[in-house]
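None of the values given here were measured: they were computed from a predicted structure.
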Protein chains: 2
Amino acid sequence: MPNGQYTQRQRESLKLWIELIRYSGKLEQIIDDKLRQNFGQNISRFDVLSQLEREQENGLSVGELAGRLIASKGNITGLLDRMQKDGLLTKVAKEEDRRSYIINLSDKGRDLFNQMADNNATWIEEALQSIDLEHMQDFTQFLSKARTSLK
Amino acid sequence: MPNGQYTQRQRESLKLWIELIRYSGKLEQIIDDKLRQNFGQNISRFDVLSQLEREQENGLSVGELAGRLIASKGNITGLLDRMQKDGLLTKVAKEEDRRSYIINLSDKGRDLFNQMADNNATWIEEALQSIDLEHMQDFTQFLSKARTSLK
DNA sequence: GCCGTTTATCTTACATGTAAACTAATATTG
DNA sequence: CAATATTAGTTTACATGTAAGATAAACGGC
């Protein structure tokens, strides 16, 4: 493949790729800014709270939590430390497996998440207001399929 | 809006938002991994090289460059420093405005970009192979419009 | 030309992402 | 049971992202 000589399919793939990154990056930026300004939290933290909230009282081990996060899989130790220091979650050693810990929402964390989630739903609805409901559903389904066939 | 009680439109917006972030995040991750493994570079650096390559010999000031980057707008100083240290670009003080600098690709940077771009086109075509050409074009156009109506 | 404002970039401090090496506990194999 | 491999999580070092303030040069009104 000589430099700069691409097939039509490659050109269209590149265009789509760039638009996808641009659009979703801009959306993410908008939400991240709102979360920072209004709650002093960012998307990673919202993601953590969200995953823990789904588990109710059961909590998650560090590894399980990392596996469910959309964004950061990397150095989750520091993130959880900072969130624990902020009183958003609890971390208790597991009885059966002394290598492992159970992470749970604190009451403060749960309250904060509920507030954030409500606001978030409003912001996202606003950001997507130019898209009609039918397109939105098609689009969601399309993305879901495309993602499954990824790796 | 009571906790957990969302309108249909809000629910669909949230679903679309989550699928978008997941899909584009996964795509970005795939490409980032390939760039790291094959070239020791990441997407931010590829983005910088790409913007500079478009300008041919003219180069860009730090501010212009920052404005065109898809991703990082933040601490671009350090990124450019590291890339300069790797010999990928040059940084020359501007004659007319001594506050400003002109960033340009070095030969090494241009060569590297050309290699990366070719590989990138192949990888992205592969990642998007499950989508037929027509859908791809629709989707690109749709995203472009949706993005323009954002902020 | 002088002075306040704006602009371009840098610096600093810190949060987060990435990768690899490390530690301790558990599981597996013989 | 002992040797080895695997797993969970941490630690370290470094690259990158974010925000705020600092610095120096250029601009604009007077």
J.: Base, sugar-phosphate alone, or nothing: which one does A:Glu96 contact when heavy atoms must sit under 4.0 Å apart?
T.: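 If one applies the 4.0 Å heavy-atom cut-off, A:Glu96 turns out to touch the sugar-phosphate alone, with no base involved.
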J.: Taking only N and O in the side chain of A:Asn42, is any of them less than 4.0 Å away from OP1 or OP2 of C:dA15?
T.: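 So the side-chain polar atoms of A:Asn42 never come under 4.0 Å of the phosphate oxygens OP1 or OP2 of C:dA15.
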J.: Whole Å only: how far is the CD1 atom of A:Ile76 from the C1' atom of C:dT18?
T.: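 Roughly 14 Å, once rounded to whole Å.
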J.: OP1 or OP2 of D:dG17 less than 4.0 angstrom from a side-chain nitrogen or oxygen of A:Gln29, does that happen here?
T.: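 Answer no for this pair, as no side-chain N or O of A:Gln29 is under 4.0 Å from OP1 or OP2.
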J.: Residues from residues 81-92 of chain A sitting under 4.0 Å of DNA chain D, heavy atoms only?
T.: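 Under 4.0 Å from DNA chain D: A:Lys91.
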J.: May I ask you to check whether A:Phe39 and A:Phe46 place their ring centers less than 6.0 Å from one another?
T.: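 Between A:Phe39 and A:Phe46, the centre distance exceeds or equals 6.0 Å.
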J.: Both A:Arg36 and B:Gly78 contact DNA chain D. Taking the nearest nucleotide for each, which residue is further toward the 5' end?
T.: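 Going by which nucleotide is closer to the 5' end, it is B:Gly78.
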J.: Check whether any side-chain N or O of B:Ser44 sits under 4.0 Å from OP1 or OP2 of D:dA15, and answer yes or no.
T.: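 Checking B:Ser44 against D:dA15: no side-chain N or O falls below 4.0 Å of OP1 or OP2.
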J.: Any side-chain donor paired with an acceptor under 3.5 Å for A:Asp33 and A:Gln29?
T.: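 Short answer, yes.
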J.: Return the nearest nucleotide to the side chain of A:Val62; candidates are D:dA19, D:dT16, D:dT10.
T.: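 Side chain of A:Val62 sits closest to D:dT10.
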J.: Which residue lies toward the 5' end of DNA chain D, A:Asp97 or A:Asp33, if each is placed at its nearest nucleotide?
T.: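 So the residue in question is A:Asp97.
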J.: Charged N to carboxylate O below 4.0 Å: is that the case for B:Arg9 and B:Glu12?
T.: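 Result for this pair is no, no salt bridge flagged.
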J.: What's the closest nucleotide to the A:Ser61 side chain, out of D:dT18, D:dT16, D:dG9?
T.: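 Nucleotide nearest to A:Ser61's side chain: D:dG9.
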J.: Output yes when at least one side-chain N/O atom of A:Ser100 is less than 4.0 Å from OP1 or OP2 of D:dG9, else no.
T.: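 Looking at the OP1 and OP2 atoms of D:dG9, one of them is under 4.0 Å from a side-chain N or O of A:Ser100.
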J.: With nearest nucleotide decided by heavy atoms, which residue, A:Arg98 or B:Tyr101, maps closer to the 5′ end of DNA chain C?
T.: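 Closer to the 5' end of DNA chain C: B:Tyr101.
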J.: Parallel, tilted or perpendicular, judged at 30° and 60°: which one describes the rings of B:Phe139 and A:Phe139?
T.: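 Plane angle over 60°, so perpendicular.
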J.: So if I take every side-chain heavy atom of B:Arg99 and compare against D:dT18, C:dT18, C:dT6, which nucleotide ends up nearest?
T.: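 Looking only at heavy atoms from C-beta outward on B:Arg99, the closest nucleotide is C:dT6.
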J.: Roughly how many Å is it from NZ in B:Lys94 to P in C:dC10, rounded to a whole number?
T.: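 It works out to 13 Å between those atoms.
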J.: With sequence neighbours left out, what residues match B:Ser61 under side-chain contact (heavy atoms from CB on, under 4.5 Å)?
T.: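 Once residues adjacent in sequence are excluded, the partners of B:Ser61 under the side-chain contact (heavy atoms from CB on, under 4.5 Å) criterion are B:Glu64, B:Ser100.
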J.: Please report the distance, rounded to the nearest Å, between CG in A:Asp32 and C1' in C:dA15.
T.: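 Atom CG in A:Asp32 sits about 11 Å away from atom C1' in C:dA15.
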J.: Look at B:Arg45 together with B:Asp86 and state whether they make a salt bridge at an N to O cut-off of under 4.0 Å.
T.: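 Looking at B:Asp86 together with B:Arg45, the answer is yes, because their closest N to O distance falls below 4.0 Å.
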J.: Does the distance from a Lys or Arg side-chain N to an Asp or Glu carboxylate O, for A:Arg11 and B:Glu125, drop under 4.0 Å?
T.: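 Looking at B:Glu125 together with A:Arg11, the answer is no, because their closest N to O distance does not fall below 4.0 Å.
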